[in-house]
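Inspection log for the structure reproduced underneath, given as structure tokens.
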Amino acid sequence: MEQESKELRKAGLKVTHPRMRILQLFEEGGVRHLTAEDIYKRMLDNQEDIGLATVYRVLTQFEAAGIVVKHNFEGGQAVYELDRGEHHDHMIDVDNGKVIEFFSAEIERLQNDIADQHGYVIEGHSLVLYVRSKGAKRT
């Protein structure tokens, strides 16, 4: 709890029970990408008295403070993950919505080479691949 308190204060946010609990959910490990509804359901499962509107408000504050990153993947709800400051890309399983993180130095090099060939320098980017398991049938 001490670490979460420090993180909130460092971001300029007051330490409140909802903020502490939501931050703890992200830091507990397991699933790294959570929707607001996922967080709300976990709160309900733990008999926490935190409403869905509060969850959304806290996530918006966390995003503004740089604690979480919000992703709006195609065809799905917004998902949030802790901003750990390390770049990675995502694959989304189109059949079950699973989010898979990956990093490829080769892809990063190719993107930089392409930008350079066109006279640009990449300031930031997001790569999302929509995938299906090789054995799965197309719907």
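Keep in mind that the numbers below use all heavy atoms, side chains included, and drop hydrogens, waters and symmetry copies.
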pair Phe62-Leu8: side-chain heavy atoms closer than 4.5 Å
yes

Who pairs with Asn112 by side-chain hydrogen bond (donor to acceptor under 3.5 Å, both in side chains), at least two apart in sequence or on another chain?
none

Output yes when a side-chain donor or acceptor of Asn96 lies under 3.5 Å from a complementary backbone atom of Lys98, and no otherwise.
yes

Would you say the side chain of Glu101 lies within less than 4.5 Å of the side chain of Glu86, judging by non-hydrogen atoms?
no

Nearest heavy-atom neighbours spanning His33 and Asp38
O-OD2, 4.3 Å

Those residues that, when tested against Thr16, pass side-chain hydrogen bond (donor to acceptor under 3.5 Å, both in side chains) (two or more places apart):
none

Listed partners of Gln61 passing side-chain hydrogen bond (donor to acceptor under 3.5 Å, both in side chains), at least two apart
Arg19

Applying the 4.5 Å side-chain criterion to the ILVMFWY set and letting contacts propagate, would Val128 and Val131 be lumped into a single cluster?
no

Below 4.5 Å, heavy atoms only, C-beta onward: do Ile50 and His17 meet side chain to side chain?
yes

Run through the side-chain heavy atoms of Ile, Leu, Val, Met, Phe, Trp and Tyr, join any pair under 4.5 Å, and report what else lands in Leu110's cluster.
none

Within a 6.0 Å radius of atom CZ on Phe103, are there more than 12 heavy atoms belonging to other residues, nucleotides or ligands?
yes

Check the hydrophobic clustering (I, L, V, M, F, W, Y; side-chain heavy atoms under 4.5 Å; chains of links allowed) and say if Leu44 and Met20 are grouped together.
yes

What's the shortest heavy-atom distance between Pro18 and Val58, and which atoms?
CB-CG2, 4.3 Å

Would you say the side chain of Leu82 lies within less than 4.5 Å of the side chain of Arg32, judging by non-hydrogen atoms?
no

Answer yes if Tyr130 and Ile107 sit in the same cluster of Ile, Leu, Val, Met, Phe, Trp and Tyr residues linked by side chain heavy atoms under 4.5 Å apart, and no otherwise.
no

Please report the interatomic distance NE2(His88) to OG(Ser126), rounded to the nearest 0.5 Å.
9.0 Å

Would a single hydrophobic cluster contain both Ile92 and Leu129, if residues Ile, Leu, Val, Met, Phe, Trp and Tyr are joined by side-chain heavy-atom contacts under 4.5 Å?
no

Under a 4.5 Å cut-off applied to non-hydrogen side-chain atoms, are Phe26 and Ile39 in contact?
yes

Provide the closest heavy-atom pair for Val68 versus Leu59 in the form atom of the first, atom of the second, distance.
CG2-O, 4.0 Å

In short, Asp83 meets Gly66 closest at the heavy-atom pair CB-O, 3.5 Å

Parallel under 30°, tilted from 30 to 60°, perpendicular over 60°: which one fits the rings of His87 and His125?
tilted

Side chains of Leu23 and Glu7, heavy atoms from C-beta outward: is any pair under 4.5 Å?
yes

Could you tell me if the side chain of Leu25 sits less than 4.5 Å from the side chain of Met43, heavy atoms only?
yes

Does one hydrophobic cluster hold both Ile100 and Val94, with members joined at side-chain heavy-atom distances below 4.5 Å?
no

For Tyr56, enumerate each residue passing the side chain to side chain contact (heavy atoms under 4.5 Å, CB included) test, keeping only those at least two apart in sequence or located in another chain.
Ala36, Glu37, Leu52

Hey, are the side chains of Arg57 and Thr60 touching, using non-hydrogen atoms and a 4.5 Å cut-off?
no

Whether the side chain of Asp116 engages the backbone of Asp113 through a donor-acceptor N/O pair (distance < 3.5 Å, no angle test) should be reported.
no

Relative to each other, are the rings of His71 and Phe73 parallel, tilted or perpendicular (30° and 60° limits)?
parallel

Taking atom CG as the centre, does Asn46 end up with more than 12 heavy-atom neighbours from other residues, nucleotides or ligands that are less than 6.0 angstrom away?
yes

Would Phe102 and Asp89 count as a side chain to side chain contact (heavy atoms under 4.5 Å, CB included) here? Give the steps.
CA-CA 5 Å; Phe102 72 95; Asp89 296 306; 3.6 Å; yes

For Val69, the rest of its hydrophobic cluster, which grows through side-chain links under 4.5 angstrom
none

